[in-house]
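Below is one structure, written out as structure tokens; comments come after it.
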Amino acid sequence: MSIFDLIAAAPDPARADLFVTPELILRSRGFEPGGGLRKHVHANLDEVFIGLLGETTVYAGDAVIRLGVGETHLVPRGIPHEIRNESDAPSRLAIVKSPGDDDDTEWL
């Protein structure tokens with residue numbers, strides 16, 4: 001089964017935990033134009049963002065990364081980051097967190 005099959009099968013593919021273990025979380029997250037996740041940091045986990053729909057901008061440290069469909073970016077632990085949809089169309093990311101500790105978010 002592909003990541004796209006998992007997302008398509010989710011009740012709400014814009015906000016779904018697709019695979020959760022102590023080692024890994026795979027999440028689908030959608031953003032309407034102007035939406036996003038405010039600045040935060042993880043002390044003990046790394047995140048990989050994979051563009052699934054539209055364009056999503058990731059601000060990580062001093063870097064500005066615009067992710068289109070199929071593009072990826074790794075944000076290592078300890079790097080403050082935020083996610084924004086600055087386009088005029090919906091966007092969606094697959095987010096991979098490792099290890100799978102979802103309580104590791106410090107909102108800034």
Side-chain angles (χ1 to χ4, degrees):
M1 180 176 281
S2 76
I3 187 173
F4 300 104
D5 294 330
L6 286 170
I7 292 167
D12 180 2
R15 186 177 176 94
D17 286 345
L18 305 169
F19 185 81
V20 179
T21 71
E23 294 80 28
L24 180 92
I25 294 173
L26 173 60
R27 177 171 286 155
S28 173
R29 192 71 190 261
F31 305 98
E32 292 299 319
L37 292 174
R38 69 177 202 216
K39 193 174 197 177
H40 61 283
V41 67
H42 307 284
N44 300 307
L45 67 83
D46 302 317
E47 280 186 296
V48 176
F49 300 105
I50 305 163
L52 298 176
L53 176 71
E55 182 179 277
T56 308
T57 304
V58 177
Y59 293 84
D62 294 331
V64 178
I65 302 95
R66 287 181 177 79
L67 293 177
V69 175
E71 297 177 319
T72 63
H73 184 73
L74 166 68
V75 177
R77 61 194 72 193
I79 304 294
H81 55 285
E82 64 184 290
I83 301 165
R84 295 187 206 157
N85 179 353
E86 297 175 337
S87 75
D88 294 331
S91 69
R92 184 173 305 137
L93 295 174
I95 302 172
V96 180
K97 297 181 173 197
S98 181
D101 178 6
D102 214 20
D103 293 330
D104 184 40
T105 304
E106 179 186 345
W107 297 99
L108 304 174

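Note that the structure is a prediction, hence the values are computed from the model and not measured.
- Not counting sequence neighbours, the partners of Arg77 by the salt bridge (charged side-chain N to carboxylate O under 4.0 Å, His left out) test are Asp46.
- In this structure, the side chains of Glu32 and Pro90 come closer than 4.5 Å at one or more pairs of heavy atoms.
- Side-chain contact between Val96 and Glu47 is absent, with no heavy atoms from C-beta onward closer than 4.5 Å.
- Applying the under-4.5 Å side-chain rule to Ile, Leu, Val, Met, Phe, Trp and Tyr, the cluster around Ile25 extends to Val20.
- Among pairs with a residue in residues 11-36, none fulfils ring-ring contact (aromatic ring centres under 6.0 Å, His included), at least two apart in sequence or across chains.
- Residues satisfying the salt bridge (charged side-chain N to carboxylate O under 4.0 Å, His left out) test with Arg29, not counting sequence neighbours, are none.
- Residue Pro33 comes nearest to Ser87 through the heavy atom pair CB-O, 3.3 Å, listed as atom of the first residue, atom of the second, then distance.
- Grouping the Ile, Leu, Val, Met, Phe, Trp and Tyr side chains by contacts below 4.5 angstrom, directly or via other members, places Leu24 with Val48.
- Counted within 6.0 Å of CG on Asp12, heavy atoms from surrounding residues, nucleotides or ligands total more than 12; the atom is thus considered enclosed.
- In this view, Asp104 satisfies the side-chain hydrogen bond (donor to acceptor under 3.5 Å, both in side chains) rule with no residue, not counting sequence neighbours.
- Atom CZ of Phe49 sits about 9.0 Å away from atom CG of Leu74, to the nearest 0.5 Å.
- Counting only residues at least two apart or on different chains, the salt bridge (charged side-chain N to carboxylate O under 4.0 Å, His left out) pairs with a member in residues 78-87 are Glu82-Arg84, Arg84-Glu86.
- With Ser28 as the fixed residue, the side-chain contact (heavy atoms from CB on, under 4.5 Å) test singles out one of Leu53, Ile50, Leu18: Leu18.
- Note: the hydrophobic cluster containing Ile79 also contains Val58 (ILVMFWY, side chain heavy atoms under 4.5 Å, direct or indirect links).
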Can I get a per-line list of side-chain donor-acceptor pairs under 3.5 Å for residues 60-72, giving both atom names and the distance, sequence neighbours left out?
| residue | atom | partner | partner atom | Å |
| --- | --- | --- | --- | --- |
| Glu71 | OE1 | Gly68 | N | 2.5 |

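- Side chain of Ser98 to main chain of Glu23: a donor-acceptor pair is present (N/O by atom type, distance under 3.5 Å, no hydrogens or angles).
- Applying the side chain to side chain contact (heavy atoms under 4.5 Å, CB included) criterion to Glu106, with sequence neighbours excluded, gives Val41, Leu108.
- Taking the salt bridge (charged side-chain N to carboxylate O under 4.0 Å, His left out) definition, one finds that Asp17 meets it with Arg27, sequence neighbours left out.
- Note on residues 88-108: pairs passing ring-ring contact (aromatic ring centres under 6.0 Å, His included), not counting sequence neighbours, are His40-Trp107.
- The distance from the OG1 atom of Thr105 to the CG atom of Leu37 is 9.0 Å, given to the nearest 0.5 Å.
- Every side-chain hydrogen bond (donor to acceptor under 3.5 Å, both in side chains) that Ser91 has, sequence neighbours left out, goes to Thr56, Asn85.
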